Amino acid sequence: MALPAGAGVPQPAGGRRVDRPRTGNLLAMSVRVRFAPSPTGLLHVGALRDALFKYLFARHCGGQNILRIEDTDRSRYNPDSEREFIETLRWVGIDFDEGPHVGGPCAPYRQSERKEAGIYEPYVRRLLDEGHAYKAFDTPEELAAMREHQIAHKLPVGYFGGEWRDAPPSKVEAAEREGRPYVIRQRIPRGQRIVVDDVIRGRIEWDSDQIDDPVLIKADGMPTYHFAAMVDDHLMGITHIMRGEEWISSAPKHALLFDMFGWERPVFVHCPVIVGNDGKKLSKRHGATRVLDYMAQGFLPSALKNFIALIGWSPGDDREGMTERELIEAFSLEGLQPSPGRFDIEKLRWLNGWHIRRLSVAEFVDAFQGYAREPYVAEYWTQVAEPQPEAARKAGEIARMAEAVARDRGYAERFFALAQERTTVLADLPDVCGFFLEDEPPMDPKAVAKWLTQPHAPDLFQFLVQNLFRMNSEAQCEAVLREYAERAGFEKLGPVVHPTRVALTGKTAGPGLFELMAVLGPARMEPRLRRALEIARSGS
RNA sequence: GGCCCGGUCGUCUAGUGGUUAGGAUGCCGCCCUUUCAAGGCGGAGGUCGCGGGUUCAAGUCCCGUCCGGGCUACCA
């Protein structure tokens, strides 16, 4: 999508007019949304859902998805954060048409850089000139005292005028001459009804007397969210301000800003949020899990997207398991719900299994190999997961399995096929089918006690070892076991099947015995059977 | 305290005046079966937050109320 040169950039200082950018019809008609995180930490599920809804909406409409970094708070800035966001989103499969990492016609896409480029200045000046903003020289102490007074007298808390909103110009000039630090505040009109139309909630109204004058420019010269985000949204041609519902209360300030500039208001969409199990907003201190942790546990991006999309949105029918293509196709603002939802890990697990089962075997193996290659997987299992000594072992198991898979891809595909419908998260794979790769898989003591101590066990294993030469196919394996059962006088296959399963896998549960025997083949079965024979002899 | 948003099985949801309030997950049971899964079938689980009102008829419309949440920063 090409933008006319200079679109979205205010005229240089000489040129007077700063107005709606001439973005051309193509751009004006196309949906443009932005994910605008503050780079202060890790990407957790709350932010992911925010990014996901915009992504789905943009892709559904054939519009543009834009990444903008809102790094105007220097005290909370975290230099690693932006990379975390971009890499996590890349893993999830949410991509951007414009952003600091890919560029675009509205660059730069970091607000600190936009501030350096002087993009905001003409707009501040214009607001000041037109009386929509004013300088306020209150000290932090004065502000604190005012708030205390308001709380004590049960008054609305906030800056509703102070001494600067209506201060005479001479006073302001004097303060400025003294070099006193100041902020620039938006002058909210008084005695008005402010109406904001929200796509999800309909019309929301405020009495403008209830809305305090927000800081637009901080004392350090940096714009606040209230100012920078709105100016940028306009300059970048954002058509829909989609964000979490926690922004509803500042929506009137933002809508008013658009009005003050004479800009067309974008469509407001205040999405429901994901809350913690206590019903409270998700935050780092409140059960908000890093998205990468889900990756490390072996959740598929497709499942995570599917699951997150279904909290607060529904396609309108009974569909639950949906591919990315289906999500994009079905997504609409009408399906958005107003109430917050909770993150139910059990349902995510089910959905992950659902997505795994829909993969081809080759894709399934690729998914595991890609997973095992992710550097954060090892870090997660060794340093984040609990309980610790046990969790760390998982990292080694995953790495070893990945090596083995790479060494013999054909073999891997055969046993992955058997593991597929028994896998809920990729990290389970070593547990589910690790025994295929070890001549001496770890033995479950209970399984040994129950099945390898059976009186007929040594005889059974001896028989199997002797007949390995004719145990290549599934049918052959079954025939041999049935033959033994008959010879030993067992009416049912259980007494034969269970000890054999324990001998070969060390477990009581797993893929169908004949299937797994056929995959193992005689060469791999022999050492396992011989070991079991020894255990059975010594045990009984 | 003020303003604003929300409220359907534990959880995610369908539902826009007339349905025995549907689906999914989780739980339980049955079937399949050599085990575990997957799959199929069935069950328990909701006085649609509560109280009024409008209407022949209300989860759906109106009023009130309660509860939960958000904002109330020179954070986003």
Side-chain angles (χ1 to χ4, degrees), chain A residues 36-40 70-73 75-76 136 138 140 143 147 150-159 181-185 196 198 200-201 204-207 209-212 214-226 228-229 243-252 270 272-273 275 277-281 307 310-321 335 337-351 353-354 357 418-424 432 447 478 481 485 492-498 500-502 505 507-514:
Chain A
S38 185
T40 57
E70 312 234 328
D71 54 350
T72 55
D73 184 350
S75 64
R76 296 201 310 158
D138 310 82
L143 257 17
R147 191 170 7 226
Q150 288 166 334
I151 291 170
H153 294 262
K154 297 196 187 302
L155 294 165
V157 177
Y159 199 93
Y182 63 88
V183 298
I184 296 174
R185 287 182 185 269
V196 173
D198 179 88
I200 301 176
R201 293 146 217 280
I204 308 173
E205 298 190 29
W206 290 263
D207 176 348
D209 292 347
Q210 299 286 346
I211 297 166
D212 72 338
V215 170
L216 263 20
I217 304 293
K218 306 177 212 179
D220 65 0
M222 284 297 262
T224 62
Y225 174 89
H226 299 303
R243 51 179 14 175
E245 61 180 312
E246 73 269 22
W247 288 104
I248 292 176
S249 15
S250 37
H270 288 100
V273 295
V275 295
N277 273 325
D278 55 0
K280 293 203 170 95
K281 183 179 164 185
F307 172 69
L310 255 20
I311 303 177
W313 174 82
S314 113
D317 50 41
D318 283 340
R319 280 183 294 173
E320 297 264 15
Q337 220 208 261
S339 55
R342 286 165 210 240
F343 193 96
D344 177 11
I345 189 76
E346 287 306 321
K347 189 150 186 176
L348 206 212
R349 290 173 60 81
W350 166 73
L351 220 31
W354 188 90
R357 271 170 252 128
L418 300 185
Q420 194 162 5
E421 64 190 22
R422 297 170 173 81
T423 306
T424 57
V432 174
E478 178 168 359
L481 287 195
K492 294 205 170 182
L493 227 40
V496 180
V497 161
H498 298 308
T500 307
R501 171 186 298 287
V502 174
T505 73
K507 301 165 184 293
T508 54
L513 182 63
F514 310 133

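Each chain gets a letter, A, B and so on, in the order its sequence line appears, and its residues count up from 1. Bear in mind that the values here come from a model prediction, so they are computed numbers and not experimental data.
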Pairwise P distance for B:rG46 and B:rC3, with rounding to whole Å
37 Å
Pairwise P distance, B:rU60 and B:rC48 [rounded to whole Å]
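That atom pair is separated by 9 Å.
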Whole-Å distance separating the [atom1] atom of [X] from the [atom2] atom of [N]:
{"X": "A:Glu205", "N": "B:rC4", "atom1": "CD", "atom2": "C1'", "answer": "12 Å"}
{"X": "A:His153", "N": "B:rG2", "atom1": "NE2", "atom2": "P", "answer": "16 Å"}
{"X": "A:Glu246", "N": "B:rC3", "atom1": "CD", "atom2": "C1'", "answer": "17 Å"}
{"X": "A:Ile211", "N": "B:rC4", "atom1": "CD1", "atom2": "P", "answer": "9 Å"}
{"X": "A:Ile204", "N": "B:rG70", "atom1": "CD1", "atom2": "P", "answer": "17 Å"}
{"X": "A:Leu351", "N": "B:rC12", "atom1": "CG", "atom2": "C1'", "answer": "11 Å"}
{"X": "A:Asp73", "N": "B:rC75", "atom1": "CG", "atom2": "C1'", "answer": "5 Å"}
{"X": "A:Met222", "N": "B:rA73", "atom1": "CE", "atom2": "C1'", "answer": "16 Å"}

Base partner of [N], which must satisfy Watson-Crick or wobble distances under 3.5 Å:
{"N": "B:rU16", "answer": "none"}
{"N": "B:rU60", "answer": "none"}
{"N": "B:rG1", "answer": "B:rU72"}
{"N": "B:rG26", "answer": "none"}
{"N": "B:rG7", "answer": "B:rC66"}

Selected nucleotide, minimal atom distance to [X] side chain, candidates [options]:
{"X": "A:Ser38", "options": "B:rC74, B:rA76, B:rC5", "result": "B:rA76"}
{"X": "A:Ser249", "options": "B:rC74, B:rU72, B:rC71", "result": "B:rC71"}
{"X": "A:Val157", "options": "B:rU72, B:rA76, B:rG6", "result": "B:rU72"}
{"X": "A:Trp206", "options": "B:rA76, B:rC4, B:rU34", "result": "B:rC4"}
{"X": "A:Trp247", "options": "B:rA76, B:rA37, B:rU34", "result": "B:rA76"}
{"X": "A:Pro338", "options": "B:rC12, B:rG7, B:rA76", "result": "B:rG7"}
{"X": "A:Asp344", "options": "B:rC74, B:rA76, B:rU11", "result": "B:rU11"}
{"X": "A:Glu421", "options": "B:rA37, B:rC75, B:rG70", "result": "B:rA37"}

Any protein N or O atoms within reach of nucleotides 64-68 of chain B? Criterion: under 3.5 Å, listing atom names and distances.
none

Just jot down the salt bridge (charged side-chain N to carboxylate O under 4.0 Å, His left out) partners of A:Arg357, sequence neighbours excluded, or say none.
none
Using a cut-off of strictly less than 4.0 Å, decide whether [X] has a side-chain nitrogen or oxygen near OP1 or OP2 of [N].
{"X": "A:Arg319", "N": "B:rA14", "value": "no"}
{"X": "A:Lys218", "N": "B:rA73", "value": "no"}
{"X": "A:Gln337", "N": "B:rU8", "value": "no"}
{"X": "A:Thr72", "N": "B:rA76", "value": "yes"}

With nearest nucleotides of RNA chain B determined for A:Phe307 and A:Gly510 from heavy-atom distances, which residue corresponds to the more 5′ nucleotide?
A:Phe307
On RNA chain B, check which nucleotide each of A:Gln210 and A:Ala136 is closest to and give me the residue with the more 5' one.
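The residue mapped nearer the 5' terminus is A:Gln210.
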Counting any heavy atom closer than 4.0 Å, what does [X] reach on the DNA or RNA strands: base, sugar-phosphate only, or nothing?
{"X": "A:Gly244", "value": "nothing"}
{"X": "A:Val215", "value": "sugar-phosphate"}
{"X": "A:Arg501", "value": "base"}
{"X": "A:Ile248", "value": "sugar-phosphate"}
{"X": "A:Arg185", "value": "sugar-phosphate"}
{"X": "A:Arg357", "value": "sugar-phosphate"}
{"X": "A:Ser314", "value": "sugar-phosphate"}

Using 30° and 60° as the class boundaries, would you call the ring planes of A:Trp247 and A:His226 parallel, tilted or perpendicular?
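Perpendicular.
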Contact list (N/O, under 3.5 angstrom) for nucleotides 19-24 of chain B vs protein:
residue: B:rG23; atom: N2; partner: A:Glu320; partner atom: OE2; Å: 2.9
residue: B:rA24; atom: O4'; partner: A:Glu320; partner atom: OE2; Å: 3.1
residue: B:rA24; atom: O2'; partner: A:Glu320; partner atom: OE2; Å: 3.4
residue: B:rA24; atom: N3; partner: A:Lys347; partner atom: NZ; Å: 3.2

I'd like to know if A:Arg319 and A:Asp317 make a salt bridge, using a cut-off of under 4.0 Å between side-chain N and carboxylate O.
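A salt bridge links A:Arg319 with A:Asp317.
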